[in-house]
Structures are given as C-alpha cells and as structure tokens.
Amino acid sequence: MVIKAVIPAAGIAKRFWPVTKIIPKELLPVVTTPSLHLVLKEAGESGLEEIVLIVSAQKIPFFEHLPEFFPKLKFHFVEQKEPLGLGHAVGLSKKAIGENPFAVLLPDVIFEGDKTVTSQLIEAYGKTTRSVNAAEKVPMEKVSLYGVHAIASSEGRLHRVKGVVEKPKPEEAPSNLVVSGRYFFTPEIFPILKKTAPGRGGEIQLADAMDTLAKQGGLYAYEFEGKHFDIGNPKGYIEANRYFGAKKYADMD
Ligand code: G1P
C-alpha cells in the first residue's frame, strides 16, 4: 500500500513578516536546509511515497523545485483558497488521499531522533489500526500553545484518547500530553472534518475533528522518542538554528 502524506503549507506566516512576504515560511532554512526539505526527508525515510501539499496559489511557484530535489516522492498540489484553518486544509486532501490511512506532517515542527516520528506513528497504527497522534508531555504552563489530549487509558507510550481540546488555559487542560505536529489518520477523519464547525479563532480546527474521533473511540496518542523543535515562531526557529548550527559547526571556533 502506498502511504501518502498531507503537508499543509498555505499559511501567510504573519509571525515572520516581513521575510515571509517574500519567501514562504516553509523555505526558511534551518542552518542551510529549507525546513520543508527536512520534513520531506522525514517523509521519505518513513517510507511515504506521495505528498499532498496544501498551498496557496501565490506559493506554488516557490515549490516547483521539489520534484527535482526529491525524485522518489510524487507531489500533488492542492490549493487552499482561503485561510479557514488546519482542519479545512486537511479536509481538502480527501480526493488526493482516497480511502487509505495517511500521515499529516506540519512543516512548523521538526524532530531529531534515531527513528522518524512518522515511522513511530506508522508502527503504533500497526498495533491499534486506528488514528494515532504524535504526543509529548510539556510543562503545564505551555499547554495553551497546543492541542491537548484527554486520556482514557495508557499502556507504556501508547494512550487511548477520549477527547482533544485546542489550546486550553492551563487550568482547563485535561492533561499535559499535547499534540505534536505529526498525525496518522484513517479516512474516518474526512466525514468528521466535513461536519466540523469553525472553532477557536473562527477556524476549522483539526483538534475539534480529533475530539469527535476520540469520542467515537477512534483515536490514540503515541509519546514519540526524540527531540521536538517548534519552528513556527521566530523564537523556536532561532533555537533550532542555534542547536543544529552548533552541531554542524561543532569543530569550528
Ligand atoms: C497546531 C495545532 C495544534 C498542535 C500544534 C502542534 O497549532 O492546531 O493542535 O498542537 O499545531 O505544533 P499551531 O502551532 O499551528 O498554532
């Protein structure tokens, strides 16, 4: 079975203006590699073969180099005409994905570790045969940056999820186990996304659709092994550059 991946990349990245008025955020480099290339490398190393890139029309020309850099991956470009949210973006991939389970990789997050986070999710899916999110425990004061899982039961790193809340206040969060930017969904998510009303910020939230899926008993969270870098904001982006830059040039003074 060919496993496809959805990469939502249509955002305007206001937090990085003015540079992202000129180049897409996804092509800003981590040291010398465009961050999207790191995400595509993860996809390739995880055995994924087809990429559905959700883009805005203005960004398409910037991504035309991708087949040349990643000849083993097949690319589909799907246009998101309006910024209606992450859930809306993933919903647009339905036709390109078809009836198979698929991965979602947010290009705002990169990982370092022995095994890719997407491979870890595919393995977890092998056990559960239901949708599974990459998850991580964070300090309680940071939960409001993320989708947060309500846990029904746990077995080692694998948790059965009974609900998901998008960016709650720490005092309202059901746990400190957050959604970390990698997902593996069964196609069950598509009819749910279609029915999901705009939520936080007036956007169709993927987390709200996952909440519905969890309440139907269809969602797990897997605490991945590895280190996570949130490069969707300038501070995290600089941290990732410092970390990977120091590693790359460790021998230089
Ligand atoms: C998005 C999701 C959130 C998730 C996060 C992971 O938020 O909406 O549920 O926890 O990615 O990075 P964003 O970071 O785009 O605001």
Side-chain angles (χ1 to χ4, degrees), residues 5-16 20 24-26 28 30 35-36 38-39 42 54-56 80 83-93 103-112 116-118 120-121 131-151 159 161 163-170 172-185 189 192-193 196-214 219-224 226-237 239-240:
V6 176
I7 302 184
I12 56 165
K14 233 177 175 171
R15 285 182 281 194
F16 284 87
T20 47
K25 177 176 67 173
E26 297 78 16
L28 295 181
V30 175
S35 56
L36 178 61
L38 296 172
V39 176
E42 175 183 339
I54 312 294
V55 290
S56 60
Q80 188 181 26
L84 298 179
L86 182 58
H88 176 254
V90 173
L92 292 174
S93 71
V104 175
L105 288 76
L106 302 190
D108 271 2
V109 189
I110 54 171
F111 298 90
E112 195 196 30
T116 68
V117 173
T118 299
Q120 295 177 49
L121 292 187
S131 299
V132 51
N133 296 326
E136 182 178 20
K137 286 187 178 139
V138 301
M140 211 60 200
E141 64 271 17
K142 288 206 170 160
V143 291
S144 48
L145 296 171
Y146 300 100
V148 181
H149 297 102
I151 302 165
H159 307 272
V161 178
V164 179
V165 189
E166 179 69 356
K167 302 189 176 132
K169 293 185 187 135
E172 284 159 15
S175 77
N176 67 339
L177 186 73
V178 304
V179 177
S180 298
R182 296 291 182 273
Y183 312 78
F184 197 74
F185 288 117
I189 195 74
I192 299 176
L193 278 169
T196 302
R200 205 170 190 283
E203 295 187 349
I204 298 172
Q205 297 289 351
L206 183 58
D208 292 346
M210 293 193 302
D211 184 55
T212 307
L213 185 61
L219 187 67
Y220 286 80
Y222 183 75
E223 270 182 82
F224 63 90
K227 188 169 163 56
H228 142 247
F229 295 87
D230 204 340
I231 57 169
N233 64 80
K235 186 167 176 276
Y237 172 72
E239 274 166 19

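Predicted model, so just to flag it, every value in this text is computed and none were measured. Counting starts at 1 for both ligands and their atoms, in listed order.
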| said: Does the residue L106 have a heavy-atom contact with ligand 1, meaning some pair of atoms that are separated by less than 4.0 Å? | reply: yes
| request: Check if V109 has a non-hydrogen atom at a distance under 4.0 Å from any atom of ligand 1. | output: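 Yes, V109 has a heavy atom closer than 4.0 Å to ligand 1.
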| request: For E42 and T116, test the side chains for any donor-to-acceptor distance below 3.5 angstrom and give the result as yes or no. | output: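 E42 vs T116: no donor-acceptor pair found between side chains.
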| query | Within a distance of under 4.0 Å, is there any protein heavy atom near atom 16 (O) of ligand 1? | reply |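 Under the 4.0 Å cut-off, atom 16 (O) of ligand 1 does have protein heavy-atom neighbours.
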| message | Below the 3.5 angstrom mark, is there an N/O of G181, backbone or side chain, next to an N/O of ligand 1? | response |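 It does not: no N or O of G181 is found under 3.5 Å from an N or O of ligand 1.
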| said: To check your reading of the model: name the closest protein heavy atom to atom 8 (O) of ligand 1, its residue, and the distance in Å. | reply: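 Going atom by atom, the protein heavy atom closest to atom 8 (O) of ligand 1 ends up being E166 OE2, 2.6 Å.
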| message | At less than 4.0 angstrom from any non-hydrogen atom of G147, what atoms of ligand 1 do you find? | response |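 Counting atoms of ligand 1 from 1, those under 4.0 Å from G147 are 3 (C), 4 (C), 9 (O), 10 (O).
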| Those atoms of ligand 1 less than 4.0 Å from some heavy atom in K167 | 7 (O), 13 (P), 16 (O)
| Is the gap between the ring centers of Y237 and F16 under 6.0 Å? | yes
| said: To check you understand the geometry: which heavy-atom pair defines the closest contact between S180 and V109, and what is its length? | reply: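 Result for this residue pair: O-CG1, 3.6 Å.
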| note | Interatomic distance, CD1@I231 vs CG@L28, rounded to 0.5 Å, equals 8.0 Å
| request: Kindly say whether L106 contributes a backbone atom to a donor-acceptor pair with the side chain of R182 at under 3.5 angstrom? | output: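 Yes; judged by distance alone, with no hydrogens or angles, the pair exists.
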| Considering only heavy atoms, which of V148, D208, V179 lies nearest to atom 4 (C) of ligand 1? | V179
